[in-house]
S.K.: 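If you scroll down you'll find the structure; I have some questions about it.
In what follows, residues are counted from 1 in the order of the sequence shown. Note that the structure is a prediction, hence the values are computed from the model and not measured.
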Amino acid sequence: MWESWGGNMVVKVKWFYHPEETKGMAGKRFNELRGALFQSPHSDENDVQTISHKCEVISYSEYRQRKLHGLDTDSASVYYLAGRYDPTIGLLNIAQGVLG
């Protein structure tokens, strides 16, 4: 986070997509991907005041460990990285081990 020339606080953010927002997930079972996000190559610099909330994106293995130990993974702010998605070309890569 830094201060812009105009005095506003700015933050660089990465863009992530829910499975149902991707083109490559057509016909897939979304219930198997509860808590999943796909990272895109897109990032932006945004005024801090435009950010509605933050979330935590952790590895799939850490997410599974948290579930196993009864830690909060049902929160709307905890997700796991399920792979990568490039919306400009519709390319979806699901990380190994995510879909069983």
S.K.: Indicate, with yes or no, if Ile51 and Met9 share a hydrophobic cluster defined by side-chain heavy-atom contacts under 4.5 Å among Ile, Leu, Val, Met, Phe, Trp and Tyr.
M.R.: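 Same cluster: Met9 reaches Ile51 through Ile, Leu, Val, Met, Phe, Trp or Tyr contacts under 4.5 Å.
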S.K.: Minimum heavy-atom separation for Lys12 and Ser43, please, with both atom names.
M.R.: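 Smallest heavy-atom distance, with atoms named: CE-OG, 3.4 Å.
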S.K.: What distance do Leu99 atom CG and Leu33 atom CG have between them, rounded to the nearest 0.5 Å?
M.R.: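 CG of Leu33 is found 5.0 Å from CG of Leu99.
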S.K.: Tell me whether Asp47 contacts the main-chain N or O of Gln49 through its side chain, where contact means a donor paired with an acceptor under 3.5 Å.
M.R.: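 Looks like yes, one N/O pair under 3.5 Å.
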S.K.: How long is the straight-line distance from CG of Leu91 back to OG of Ser40, given to the nearest 0.5 Å?
M.R.: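 One finds 12.0 Å between OG of Ser40 and CG of Leu91.
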S.K.: So which atom in Tyr60 and which in Gly97 form the shortest heavy-atom distance, rounded to 0.1 Å?
M.R.: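 That closest heavy-atom pairing would be CE2-O, 3.4 Å.
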S.K.: So, taking the atom named NZ in Lys54 and the one named OG in Ser77, what distance separates them when rounded to the nearest 0.5 Å?
M.R.: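 One finds 8.5 Å between NZ of Lys54 and OG of Ser77.
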S.K.: To the nearest 0.5 Å, what is the distance between OG1 (Thr22) and CD (Glu20)?
M.R.: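 Result: 8.0 Å between the selected atoms.
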S.K.: Under 4.5 Å between side-chain heavy atoms, counting indirect links through other Ile/Leu/Val/Met/Phe/Trp/Tyr residues: same cluster for Val11 and Trp15 or not?
M.R.: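 Not linked; separate clusters.
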S.K.: Working to the nearest 0.5 angstrom, can you tell me the gap between Tyr17 OH and His42 NE2?
M.R.: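 Spacing of OH (Tyr17) from NE2 (His42) equals 7.0 Å.
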S.K.: Can you spot which of Tyr85, Tyr79, Phe16 makes a side chain to side chain contact (heavy atoms under 4.5 Å, CB included) with Phe38?
M.R.: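 Of all the options given, the one that passes is Tyr85.
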S.K.: CD of Glu21 to CG of Leu37: how many Å apart, nearest 0.5 Å?
M.R.: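 It is 8.5 Å, given to the nearest 0.5 Å.
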S.K.: If I compare all heavy atoms of Val57 with all of Leu81, which pair ends up nearest, and what's the gap?
M.R.: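 Val57 and Leu81 have their closest heavy atoms at CG1-N, 3.9 Å.
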